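The structure appears right after this line, and notes come after that.
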Amino acid sequence: MIAKASAPAKAILFGEHSVVYDEPAIAGAVNKRAFITIKDSDSDKSIFRAPDIGFEAELLTRQKKYILTKGKPGIIRYILESLHRVHDHSPIDITLSSNVPIGSGLGSSAAVTVATLAALYRYHNIRFNKSSLAHDAHMVEQAVQGVASPLDTLVSTYGGLVYLSRNKKVEHININFNVPFVVGYTTKHGNTGKMVKDVKNLKTRNPKIINPVITAMGNLTNYAKQALLKRDFNKVGELMNINHGFLDVLGVNTVELSRMVYAAREAGAIGSKTTGAGGGGSIIALCPGKVDEVAEAISRDDNILKVNFTRKGVSSRVYK
Ligand code: MEV
């Protein structure tokens, strides 16, 4: 039997970091996906392969360990944690292929986790729906990272634009959001767990300064929701720029991130900001009519990805 699943990567438009303190956030699924194929193993071993990133490992599912045969570890902890929750330890073969650059800040871990769990549920004929899948994928992310908001896994499961409210209610922003974005990313990867901890420490040391900033970031996200619903993209851009400033206050921006953000604005982006945890990773620039110019400007020093938001969430199938 072969089970296949794929899930989209996400970009956070508004609310990274403040979402950790229960402020609202908006993120959307992008047209870059992780694809997982699961089949019975040809041997008595379980193998995980990701040929696109030159990775191969033998999985010791009972011990939640692996023996690396090729490449650098990274995403494998999400695979092992997913297997640990669902799989019966029989030998299987898992292949990941992905057009989401790992460590680019586009939530490749959430896309891989959602696709892996969906494929495993299909493989074992376990009933699931999007709500249970998003919940389980969030549990996996939390177990691996120590801290994670449900945002990334929600978006990778449902697709589309998602608004997560202060009381963790999920709303789908149903607009036609076919606006071009450029993502810029550095080869220096951020560590989400460390960045979240650094912000927490900054907040503890300076509560009277940082607490109001976090509240303001939540208010900004609510303004952004209204601007999106009105399709007022100039306002969305303005709010992205303010959000970048707040992320600077929180100390998560780097020289490279700011270089990309300002290069994008100079080349005509109507808004640009760090997206994701920062400390490395990526920026997102809203650039209707200026995609090529913005991409060109960022790619002088860094890497780019042209993305669109998509309504397509997780999809899975089984072949007998
Ligand atoms: C990381 O993609 C977003 C953060 O807000 C952390 C989280 O929400 O888990 C920094």
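On a predicted model such as this, the values are computed, not experimentally measured, just so you know. No hydrogens, no waters, no symmetry mates; every other heavy atom, side chains included, goes into these values. Numbering of ligands and ligand atoms starts at 1, following listing order.
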Check ligand 1 against [X] and write out every atom of the ligand that is under 4.0 Å from a heavy-atom position of the residue.
X: D152; answer: 2 (O)
X: V19; answer: 5 (O), 8 (O)
X: H17; answer: 4 (C), 5 (O), 10 (C)
X: E16; answer: 5 (O)
X: I12; answer: 2 (O), 3 (C)
X: A277; answer: 1 (C), 10 (C)

Check your understanding: How are the rings of F128 and Y121 set relative to one another: parallel (under 30°), tilted (30 to 60°) or perpendicular (over 60°)?
Key -> tilted
Check your understanding: What class does the angle between the rings of F309 and F181 fall in, given that below 30° is parallel, 30 to 60° is tilted and above 60° is perpendicular?
Key -> perpendicular
Check your understanding: Do S149 and ligand 1 have an N or O pair less than 3.5 Å apart?
Key ->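 By distance alone, the answer is yes.
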Could you tell me whether the side chain of [Y] reaches within less than 4.5 Å of the side chain of [X], counting heavy atoms only?
X: N176; Y: R231; value: yes
X: E256; Y: Y185; value: no
X: R49; Y: K70; value: no

**Study point:** K203 to Y21 six-membered ring, cation-pi geometry met (6.0 Å, 45°)
**Key:** yes
